[in-house]
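Each remark here refers to the structure printed beneath this line.
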Number of protein chains: 2
Amino acid sequence: MSVSSHHRQVESRLADSGVRYTPGRRAVVDVLGSAEGPLGAAEIHERLHGRVPLSSVYRTLAVLEEAGVLIPHFAQKGLTRYELAEWLRGHHHHLVCIGCGGVEDVTLPDPLEAEMDRIVKSIGKLTEFSATSHSLEIEGRCARCDG
Amino acid sequence: MSVSSHHRQVESRLADSGVRYTPGRRAVVDVLGSAEGPLGAAEIHERLHGRVPLSSVYRTLAVLEEAGVLIPHFAQKGLTRYELAEWLRGHHHHLVCIGCGGVEDVTLPDPLEAEMDRIVKSIGKLTEFSATSHSLEIEGRCARCDG
DNA sequence: CCTCGATCTGAGAACGATTCTCATTATAGG
DNA sequence: CCTATAATGAGAATCGTTCTCAGATCGAGG
């Protein structure tokens with residue numbers, strides 16, 4: 001799943017809604033496509049060395065979220081991070097480090113993910129709630145902070 | 001696990017850190033103890049009918065989080081909600097409604113929770129990450145928003 | 001190519017949630 | 001009681017985010 005493949009997919013998804021895939025928007029997708037986990041607006045702005053002004057980064061994130069290209073992720077007070085949606089990056093879960101606050105992605109092996117699905121389905125049956133998606137957040141200490 | 005039992009436990013936990021369990025703090029614990037899910041500062045202030053000013057609610061939340069009585073929960077842009085920590089309320093998961101943004105708790109039946117534990121343990125073995133806790137976030141539509 | 005309308009952008013103002021400040025009040029211990 | 005310490009209330013300050021608006025860009029039709 002290369003970055004240029006992301007570009008093709010995003011471009012066509014945006015085209016469907018009559019939205020342009022401009023250089024600024026590409027730049028944001030590039031940054032997120034090569035990130036190790038979700039990033040916030042300020043982090044993205046930083047990684048672009050100011051080539052895209054912060055207010056435009058925010059607008060771009062809103063446009064891409066609206067188009068279903070990005071998914072917001074909340075794990076810290078007052079900070080929204082974004083990552084590529086699952087249809088671009090694949091289904092995965094998060095390891096949230098209680099030491100440094102960072103978030104890493106994990107993709108489960110099929111048998112484990114199948115088990116997760118069964119659990120989520122069971123919960124749907126137990127409650128008046130129609131589940132569309134799920135995410136397992138595991139808190140702990142990453143290799144760097146553990147020791 | 002009654003509310004008065006919560007009060008006793010919280011009081012003794014706070015005493016350990018030389019922190020007073022004042023009426024305002026009790027009121028916040030009361031509200032959270034009888035909530036159906038995590039609440040934000042404004043929601044708590046609202047449910048107290050202004051008996052505790054908003055700035056005090058914020059301070060109280062910070063104090064109680066610091067003491068390990070409350071756990072913050074993030075599921076919405078720019079809004080931090082809190083709930084009683086697991087040692088007070090028991091382990092549970094969250095149903096996050098993509099319609100109204102609300103969050104409900106679910107406690108899994110033992111066999112399902114046991115399965116979750118196995119999954120989390122397996123992930124710990126797969127990665128350089130020492131898990132201390134986990135939470136399954138299920139996104140979907142609540143009974144009210146579905147239809 | 002050139003024009004026109006629609007879309008996008010940049011800069012800064014505005015906003016909402018949260019935190020801070022500081023003067024005042026409550027509390028526990030001597 | 002008195003005093004030192006902790007807690008409170010009200011409003012100002014802060015920070016992430018959203019909005020506004022004037023100007024730049026684009027792409028379809030002439």
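So you know, we letter chains A, B, ... as the sequences are listed, proteins then strands, and number each from 1. Computed from a prediction, not measured in an experiment: that's the story for all the values here.
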Rounded to the nearest angstrom, tell me the gap between atom [atom1] in [X] and atom [atom2] in [N].
X: A:Leu61; N: C:dC8; atom1: CG; atom2: C1'; answer: 15 Å
X: A:Leu39; N: D:dT17; atom1: CG; atom2: P; answer: 13 Å
X: B:His73; N: C:dA17; atom1: NE2; atom2: P; answer: 18 Å
X: A:Tyr82; N: D:dT18; atom1: OH; atom2: C1'; answer: 11 Å
X: B:His45; N: C:dT19; atom1: NE2; atom2: P; answer: 16 Å
X: A:Gln76; N: C:dT19; atom1: CD; atom2: P; answer: 12 Å
X: B:Ile44; N: C:dA17; atom1: CD1; atom2: P; answer: 14 Å
X: A:Leu79; N: D:dT18; atom1: CG; atom2: C1'; answer: 16 Å

Donor-acceptor contact present, side-chain B:Trp87 to main-chain B:Gly68, <3.5 Å
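Pair found, side chain donor or acceptor close to backbone of B:Gly68.
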Keeping the roles fixed (side chain from B:Ser56, backbone from B:Val52), state whether a donor-acceptor pair exists under 3.5 Å.
no
Heavy-atom count around A:Asp110 CG within 6.0 Å, excluding the residue itself: above 12?
no
Between A:His91 and A:His134 (judged by ring centroids, cut-off 6.0 Å), do the two rings come close enough to count as a pair?
yes
With a 6.0 Å cut-off on ring centres, are B:Tyr21 and B:His7 close enough?
yes
Any side-chain N or O of A:Tyr58 below 4.0 angstrom from OP1/OP2 of D:dT18?
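No, A:Tyr58 has no side-chain N/O under 4.0 Å of OP1/OP2 on D:dT18.
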Annotated protein contacts, base or backbone, on nucleotides 3-14 of chain D with a non-hydrogen cut-off under 4.0 Å, one of B, S, - each
--BBSBBBB---
Any side-chain heavy atom of B:Leu39 sitting closer than 4.5 Å to one from B:Arg81?
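In short, these two side chains do not touch, never coming nearer than 4.5 Å.
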